[in-house]
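Letters A, B, ... mirror the listed sequences (proteins, then strands); counts begin at 1. Below, each value reflects all heavy atoms present in this structure, side chains not excepted, and no hydrogens, waters or symmetry copies.
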Amino acid sequence: MIPTQYYLLLSAAVFCIGVFGVLTRRNALVFLMSVELILNAANINLVAFSLQYGNLSGQVFSLFTMALAAAEVAVGLGIVLVLYRNFSDVDVTEATTMRW
Amino acid sequence: MTRPQLKTDSSLWPGVAAIGLFVVFAATFLTAELPDPSGFGADAALMKSIGAAMFGLEATNIVSEGTAISSESFLVVFEIIDLVLVAALVGAIMLARREESGETVTVAATADTDESSSVAADGGQSGGDEA
């Protein structure tokens, strides 16, 4: 059986790619994708420890996390749409002020 | 001729931070001493057991062949996630919907609207603040 450490390593790699994307990308859609990577890294961890301890809770939790990620994407895409309407661009650094 | 070029004028720090974070993670994980994974066994009925856990049922009542894996009930969590999904759906529609006249509802209107009031009590539509 594959040791749990390798799953954790994969998860860390996916998480760091997500963090890199959040730090560097300015396109809101790619930004959202990076946040998804971070969330999925957490899912890999949950499933890995579910296998480690022979306990189903981690797998059920990761299913719920996926549902939450879907909800987050729905709201995120709505926000991207509003961003595009207001600034004619999906660059997240454009929207630096909160104004009516 | 244009072709893809490497972007060299950007800052290196985000990349350094991400790689540094990965190195810290890798050092922690590879030096951690975890026992061998216990796993679920070859004949475990995983899918049916997950279904039973999500709906708060007893896994042994559901699984007919293979080993049932008992777990705690997640029925309340399931219902909460249900509500959150509906809220997100409604929120996304509210953000994206257009009015009958074809005009978009701007939740956060910009400076180029001719609103005299700074309070958008009408959902941010242009005009109609005089009344």
Is the closest side-chain donor-acceptor distance between B:Ser70 and B:Glu58 under 3.5 Å? no
If you count heavy atoms of other groups shown closer than 6.0 angstrom to CE of A:Met66, is the number above 12? yes
Cluster overlap A:Leu37 with A:Val80, hydrophobic side-chain contacts below 4.5 Å: no
Can you tell which of A:Pro3, A:Ser50, A:Ala70 has the highest number of heavy-atom pairs within less than 4.5 Å of chain B? A:Ser50
Answer yes or no: does atom CD of B:Glu65 have more than 12 heavy-atom neighbours from other residues, nucleotides or ligands under 6.0 Å? no
Select one option (side chain, backbone, both, neither) describing which atoms of B:Ala53 are under 4.5 Å from chain A's heavy atoms. side chain
For B:Ser49, is it the side chain, the backbone, both, or neither that has a heavy atom closer than 4.5 Å to a heavy atom of chain A? both
Could you tell me if B:Asp43 and B:Thr67 have a donor-acceptor pair between their side chains, going purely by distance under 3.5 Å? yes
Taking the side chain as every heavy atom from C-beta outward, state whether A:Ser88 and A:Glu94 have any pair of such atoms under 4.5 Å apart. no
Part of A:Leu77 within contact of chain B (heavy atom distance under 4.5 Å): neither
What residue, out of A:Thr24, A:Val60, A:Leu68, has the most heavy-atom pairs lying under 4.5 Å from chain B? A:Val60
Quick one: of A:Leu81, A:Leu9, A:Val19, A:Val75, who has the most non-hydrogen atom pairs under 4.5 Å with chain B? A:Leu9
Most contact-rich option vs chain B, by heavy-atom pairs under 4.5 angstrom, among A:Leu23, A:Val22, A:Leu51, is A:Leu51
With heavy-atom distances below 4.5 Å as the criterion, would you say the side chains of A:Leu63 and B:Phe74 are in contact? no
One option among B:Phe25, B:Phe40, B:Trp13 has the most heavy-atom pairs under 4.5 Å with chain A, and it is B:Phe40
Structural part of B:Ile81 lying under 4.5 Å from a heavy atom of chain A: side chain
Of the backbone (N, CA, C, O) and the side chain (C-beta and beyond), which part of A:Ser11 lies under 4.5 Å from a heavy atom of chain B, both, or neither? neither
When only pairs under 4.5 Å are counted, which of B:Leu85, B:Thr28, B:Asp82 shares the most heavy-atom pairs with chain A? B:Leu85
How about B:Asp36 and A:Met1: do any of their side-chain heavy atoms sit closer than 4.5 Å? no
